[in-house]
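Read the structure below first, then the notes.
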Amino acid sequence: MTKYEKHGALHVNSKGKLVDHNNETVVLRGLSTHGLSWYPQYINRDFFEFMSEKWKVDVIRLAMYTAELDGYCTGDEKNKEKLIELVDKGVKYATELGLYVIIDWHILLDSNPLMHKDEAVKFFELMAQKYHAYGNVFYEICNEPNVDCTWADIKAYAEEVIPVIRKYDEYAVILCGTPTWSQDVENAVEDPITIDKNLMYVLHFYADTHRDKLRNKFIYAADKGLPLFITEFGCCDANGDLSNNFEQSDIWIELADKYDVSYVMWNISNRDETSASFVPECDKVTDFEDADLREACKWFVNVLKEHA
Ligand code: IDC
């Protein structure tokens, strides 16, 4: 039985925990795609089933870049349609297989979500219209605000996007990024978004780069009862490459588990970088074997199995 089959639609309780309708805490663990435009081939039902059955993932994050390489906001109309279709396939397969799914508005090069706010509003309105009855869908409204994007900017953006989602989808959990590539969660502690209760704040870590300093932000926010969700992490350097640090990764996983915070690993692809799940020579799109997996993916599959 998958977690979704067991727990159904989730919400955030008054203590900041992700819970089911019995107020039982639920921690989700899973993987994030790379950009949907970059690697559409991994959005296939067999692979989703493989991840669920063999790796015991609970959640899949669909990373849709907004600016990089055929991004949603920088490509043409046809590209938009293609991406909407890929998201739809991803949501559909996840739903059929009893998995949770995150629709990720993957800002990065476009550092401030206000840059493409009008597009975001239209996109999430469409998503909420389509998926409001599903119960397994999370809306992640801005991956990683960065450079000089302030919490005030993010809050202003969220306060426009959230009501549009809520027009159609009253209950789904909404995930909101935080400043400095989704690290400054203390900003949300000090000045939370108050227009919605079913909301979690996003923290991302890359274990070889982000250590005690970021863990202390996590602990500070979690102790204050801020609802946290790690929608992306890596075992390696923050650039998604260089060396893995499994010692630091283990410390992070232990911490997330201690606070019942869900986590999703970056990334499903065979790109030639440390954070990719598959070795570059592997062009399979499902039924992966040990030899196809890079080190971090092997490590994470163990983490998933240990928690299943
Ligand atoms: C990286 C990809 C890399 C791609 C780059 C695009 O791994 O293949 O060329 O984006 O700019 C993040 C981002 C995520 C990054 C990842 C690693 O959310 O998009 O992916 N990372 O750099 N935040 C911290 C690290």
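Start at 1 and go down the list; that is how both ligands and their atoms are numbered. Quick note: numbers below take in every heavy atom, side chains included, and nothing from hydrogens, waters or symmetry partners.
Taking the six-membered ring for Trp, Trp105 and His116 have ring centres at least 6.0 Å apart. Aromatic pair Phe47/Phe288: centroids less than 6.0 angstrom apart.
Here Trp181 has no heavy atoms under 4.0 Å from ligand 1, in either its backbone or its side chain. Of all the heavy atoms of Ala276, none lies under 4.0 Å from any atom of ligand 1, so neither backbone nor side chain is involved. Of all the heavy atoms of Glu68, the ones lying under 4.0 Å from any atom of ligand 1 belong exclusively to the side chain.
Considering CD1 of Ile230 and OG of Ser262, their distance stands at 8.5 Å, rounded to 0.5 Å. Remark: Ser52 OG to Leu99 CG distance equals 4.5 Å, nearest 0.5 Å.
For atom 9 (O) of ligand 1, the choice among Glu232, Gln183, Arg271 with the nearest heavy atom turns out to be Arg271.
The single protein non-hydrogen atom nearest to atom 7 (O) of ligand 1 is Glu273 OE2, 2.8 Å, given as residue, atom name and distance. Closest to atom 2 (C) of ligand 1 among all protein heavy atoms lies His34 NE2, 3.4 Å. Given atom 10 (O) of ligand 1, the protein heavy atom at minimum distance is Tyr65 OH, 3.0 Å. In terms of protein heavy atoms, atom 16 (C) of ligand 1 is closest to Tyr206 OH, 3.4 Å. Atom 4 (C) of ligand 1 has Trp38 CH2, 3.7 Å as its closest protein atom, hydrogens excluded (heavy atom only).
Of all non-hydrogen atoms in Phe229 and Leu18, the two that sit nearest each other are CE1-CD2, 4.3 Å.
For the pair Lys80 and Tyr72, the distance from NZ or CZ to the six-membered ring centre is under 6.0 Å and the angle to the ring normal is within 45 degrees. For the pair Arg215 and Trp252, the cation-pi test (distance below 6.0 Å, angle within 45°) is passed.
At least one N or O atom of Asn143 sits closer than 3.5 Å to an N or O atom of ligand 1. Considering backbone and side-chain atoms alike, Leu108 places every N or O at 3.5 Å or more from each N or O of ligand 1.
Within ligand 1, counting atoms from 1 as listed, the ones closer than 4.0 Å to a heavy atom of His106 are 13 (C), 14 (C), 18 (O), 19 (O). Within the listing of ligand 1, atoms 17 (C), 22 (O) sit less than 4.0 angstrom from a heavy atom of Asn239.
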| task | Begin with the C-alpha distance, continue with both residues' side-chain angles, and end with the deciding distance and a verdict on side chain to side chain donor-acceptor pair (under 3.5 Å) for Tyr206 and Asn239. | result | CA-CA 8 Å; Tyr206 280 76; Asn239 70 358; over 6 Å; no
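Remark: the backbone N or O of Gly71 is paired with a side-chain donor or acceptor of Asn79 at under 3.5 angstrom.
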